[in-house]
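Everything on this sheet refers to the single structure shown next.
Keep in mind that this is a model prediction, so the values were computed, not measured.
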Amino acid sequence: MKRWNGWGEESIKYPISHFAVQYLNDRLGMGRRIPDSSLESALDSVPASKLPPHPLIQTGSFERLSHARGHSLPDWIALRSGRIETFPDGVAYPASNLEIRELFEYARQNGSRIIPYGGGTSVVGHINPLTANEPNLTIDLSRVKELIDCNQTDRLAVFGAGIKGPELESHLNKLGYTLGHFPQSFEYSTLGGWIVTRSSGQQSYYYGRIEDLFCGGLPASAAGPDVRQFVLGSEGRFGIITRATVRIQPLPEIEQFYGIFFPSWSSGVNALRDIAQARLGASMLRLSDPTETESTLALSGKENVVKWAKRALNIMGFGPERSMLVFGITGNRKEFSKIKSQVMELAKKHGSSLAINQIGRLWSKSRFLTPYLRNTLWALGYAVDTLETALPWSAVEGCASALLNSLTKPLEKNGEKVLAFAHLSHVYPNGASIYVTYLFRRTNDPDGTLERWKTLKHAASQVIINYKGTISHQHGVGSDHADYLLYEKGQIGLDMVRAIQKSLDPDGLLNPGKLLL
Ligand SMILES: Cc1cc2nc3c(=O)[nH]c(=O)nc-3n(C[C@H](O)[C@H](O)[C@H](O)COP(=O)(O)OP(=O)(O)OC[C@H]3O[C@@H](n4cnc5c(N)ncnc54)[C@H](O)[C@@H]3O)c2cc1C
């Protein structure tokens with residue numbers, strides 16, 4: 001069964017060693033293991049529904065609770081503490097366009113707002129009902145999930161938008177194809193959700209971001225503005241996507257991942273820039289800063305293995321400032337060795353030497369398991385959050401360092417530490433995304449944990465704005481980033497987005513408060 005207040009299946013655990021717990025104690029102090037609110041009390045807090053009965057709409061407490069929040073840290077704090085202030089008044093699972101139209105008509109008649117719902121994996125407050133003033137109807141797309149067409153000549157496939165990652169890939173793999181879109185939330189997130197949040201998969205360097213994969217059927221067009229761009233990033237404000245055409249590729253003949261080390265973060269960043277600008281055909285590049293390199297080692301290994309690995313790395317000349325790069329090569333056998341040696345040649349110029357197969361295998365094995373670690377850390381008393389941006393290469397190192405500073409400083413006055421680290425995971429010839437993870441101790445009062453999050457999030461967002469980075473490279477805007485959008489789009493840009501929203505949804509039914517305030 002899926003966890004109602006955490007990530008993934010109940011049966012999947014992510015235990016960590018005593019050594020890893022000690023590592024966290026040393027960095028942050030002993031976590032506060034405050035018990036979570038029970039499912040029963042969360043269910044008791046669900047108020048009566050404001051919606052009149054309708055055969056397509058379920059109003060049971062569990063349905064409404066399980067669609068009330070996504071996976072941002074504020075969402076977790078709300079769910080784990082039982083302080084969930086707003087719930088959808090009903091949840092519908094339509095199976096056809098006709099049923100969706102019927103639900104829109106019903107919402108219009110009853111003054112209800114509509115929240116489109118894919119997999120509920122949003123980390124920026126996309127699917128939360130924001131106000132209890134009007135009734136909120138959540139439309140869950142999970143029944144709209146068929147493979148409608150797969151045209152192998154054109155390499156285009158059409159799917160129902162509610163299909164989740166594993167099912168979509170399974171359909172295509174059976175025919176010898178892949179979409180190649182693998183966000184870390186792959187298990188639960190949906191095609192429609194990916195499109196409207198402009199999602200980016202772990203191998204986007206090779207397969208492309210979702211905006212490269214989502215297409216209207218034409219190979220290219222110069223017929224005026226591309227209306228698909230209105231849909232990408234629309235975050236449930238412009239309408240509901242029920243089906244989408246995507247570009248597909250034959251399954252790769254070979255795929256391997258490797259780990260390599262650089263003597264410092266700077267040398268790794270320079271190597272990555274060289275690789276991206278040479279447009280080498282790697283499929284995945286993820287460079288961890290020294291703190292992430294150390295934390296990954298500490299959280300994943302047993303004490304003696306970690307000690308042995310550190311000793312070996314020191315002997316090889318990779319001291320405490322070492323930065324780990326995991327890279328992948330995907331494609332055909334003929335090209336494989338050539339690409340690997342091209343990557344290694346550039347890496348060598350920046351002080352790296354050996355490609356370690358085992359590290360790549362370990363990364364690949366746990367690529368969709370890592371989110372389960374968040375459950376473990378929460379139980380140990382630590383809150384975890386991530387944030388991300390993208391900027392030109394010239395600003396990457398400065399911004400990464402300012403971001404980490406902005407996260408570690410603010411809680412010092414409370415005598416609290418923050419463990420913050422970063423990686424570059426999506427690289428382009430002109431720049432890269434910076435993905436930051438930060439951990440801090442929960443407080444006894446959940447409101448205190450939320451206050452700490454607000455302080456840290458605001459401080460980091462200010463840094464992103466000062467560096468003129470994007471407020472989100474892949475997670476989207478939702479409600480958590482809506483305040484910061486003006487800095488990126490400018491007033492005219494925002495007015496254009498607002499004008500489109502008003503023309504497509506004149507009654508303002510859809511997902512109020514997300515994307516646009
Ligand atoms: C552990 C974890 C790892 C993650 N890793 C990544 C990652 O690697 N890359 C990445 O890009 N993101 C990642 N995310 C963020 C999240 O998974 C993405 O934003 C994802 O695209 C959301 O898809 P979803 O189907 O879950 O959408 P939901 O969370 O259900 O909804 C998100 C938004 O889309 C709207 N929506 C959903 N379906 C439709 C539809 N059919 N029509 C219209 N509007 C719709 C909703 O109204 C909402 O505004 C991660 C999240 C978690 C929790």
Any side-chain heavy-atom pair of I248 and L213 under 4.5 Å: no

For W76, does the six-membered ring have the charged nitrogen or CZ of R374 within the cation-pi criterion, i.e. under 6.0 angstrom from the centroid and within 45° of the normal? yes

Is there a salt bridge (charged side-chain N to carboxylate O under 4.0 Å, His left out) between E134 and R113 once you walk through the steps? CA-CA 7 Å; E134 296 102 9; R113 300 290 171 255; 3.7 Å; yes

Give the ring-plane orientation class for W7 versus Y372, where under 30° counts as parallel, over 60° as perpendicular and anything between as tilted. perpendicular

Return yes when atom CD of E85 has more than 12 non-hydrogen atoms of other residues, nucleotides or ligands closer than 6.0 Å, and no otherwise. no

Heavy atoms of other groups near Q277 CD, more than 12 under 6.0 Å: yes

Show me the donor-acceptor pairs within less than 3.5 Å that the side chains of residues 428-437 make with the rest of the protein, sequence neighbours left out.
| unit_1 | atom_1 | unit_2 | atom_2 | d |
| --- | --- | --- | --- | --- |
| Y428 | OH | H473 | NE2 | 2.7 |
| S433 | OG | H426 | N | 3.3 |
| Y435 | OH | T386 | OG1 | 3.3 |

Between E167 and K145, does any side-chain N to carboxylate O distance fall below 4.0 Å? yes

How are the rings of H181 and W194 set relative to one another: parallel (under 30°), tilted (30 to 60°) or perpendicular (over 60°)? tilted

Any donor-acceptor N or O pair under 3.5 Å, side chains H126, Y117: no

Verify whether one side chain among R101 and N97 offers a donor that lies under 3.5 Å from an acceptor in the other. no

Side chains of S352 and F261, heavy atoms from C-beta outward: is any pair under 4.5 Å? no

Main chain of L369, side chain of S366: is a donor-acceptor contact present, judged purely on distance under 3.5 Å? no

NZ/K457: more than 12 non-hydrogen atoms of other groups inside 6.0 Å: yes

Partners passing side chain to side chain contact (heavy atoms under 4.5 Å, CB included) against D212 (at least two apart in sequence or in another chain): R209

Test of understanding: with side chain to side chain contact (heavy atoms under 4.5 Å, CB included), list the residues that count as partners of D507, not counting sequence neighbours. R108, L509

Atom pair CD (Q462) and OH (Y484), whose distance is rounded to the nearest 0.5 Å: 6.0 Å

Using the ring of F182 (Phe, Tyr or Trp, six-membered ring only), decide whether R367 places NZ or CZ under 6.0 Å from its centre and within 45 degrees of its axis. yes

Any chance you could lay out the salt bridge (charged side-chain N to carboxylate O under 4.0 Å, His left out) test for E335 and K338, step after step, and finish with the verdict? CA-CA 5 Å; E335 293 288 304; K338 191 174 107 199; 3.6 Å; yes

I'd like to check the side chain to side chain contact (heavy atoms under 4.5 Å, CB included) partners of Q501; sequence neighbours left out, ordered by chain and number. R237, F238, R498, D505, L516

Using only heavy-atom distances, determine whether the side chains of D140 and S142 contain a donor-acceptor pair under 3.5 Å. yes

If the threshold is 4.0 Å, N to carboxylate O, is there a salt bridge linking E211 and R198? yes

Which residues pass the ring-ring contact (aromatic ring centres under 6.0 Å, His included) test with Y258, sequence neighbours left out? F327

Ignoring hydrogens and angles, state whether a donor on the side chain of E63 or Y93 is under 3.5 Å from an acceptor on the partner side chain. yes

Could you work out, with ring-ring contact (aromatic ring centres under 6.0 Å, His included) as the rule, every residue matching F336, not counting sequence neighbours? none

Test of understanding: with side chain to side chain donor-acceptor pair (under 3.5 Å), list the residues that count as partners of E292, not counting sequence neighbours. R286, S288, H423

Restricting to pairs with a member in residues 387-397, which pass side-chain hydrogen bond (donor to acceptor under 3.5 Å, both in side chains), not counting sequence neighbours? S266-E397, E388-S472, E388-H475

Can you confirm whether the side chains of T59 and S49 place a donor and an acceptor under 3.5 Å from each other? no

Does Y487, at its OH atom, have more than 12 non-hydrogen atoms belonging to other residues, nucleotides or ligands within less than 6.0 Å? no

Could you work out, with side chain to side chain donor-acceptor pair (under 3.5 Å) as the rule, every residue matching E102, not counting sequence neighbours? H54

If the condition is side chain to side chain contact (heavy atoms under 4.5 Å, CB included), which residues does N173 pass it with, not counting sequence neighbours? E169, T178, L251

Has R243 got more than 12 heavy atoms of other residues, nucleotides or ligands less than 6.0 Å from its CZ? no

Return the set of residues passing side chain to side chain donor-acceptor pair (under 3.5 Å) with Y106 (not counting sequence neighbours), or none when no residue passes. none

Listed by chain and number, what are the ring-ring contact (aromatic ring centres under 6.0 Å, His included) partners of F421, not counting sequence neighbours? none

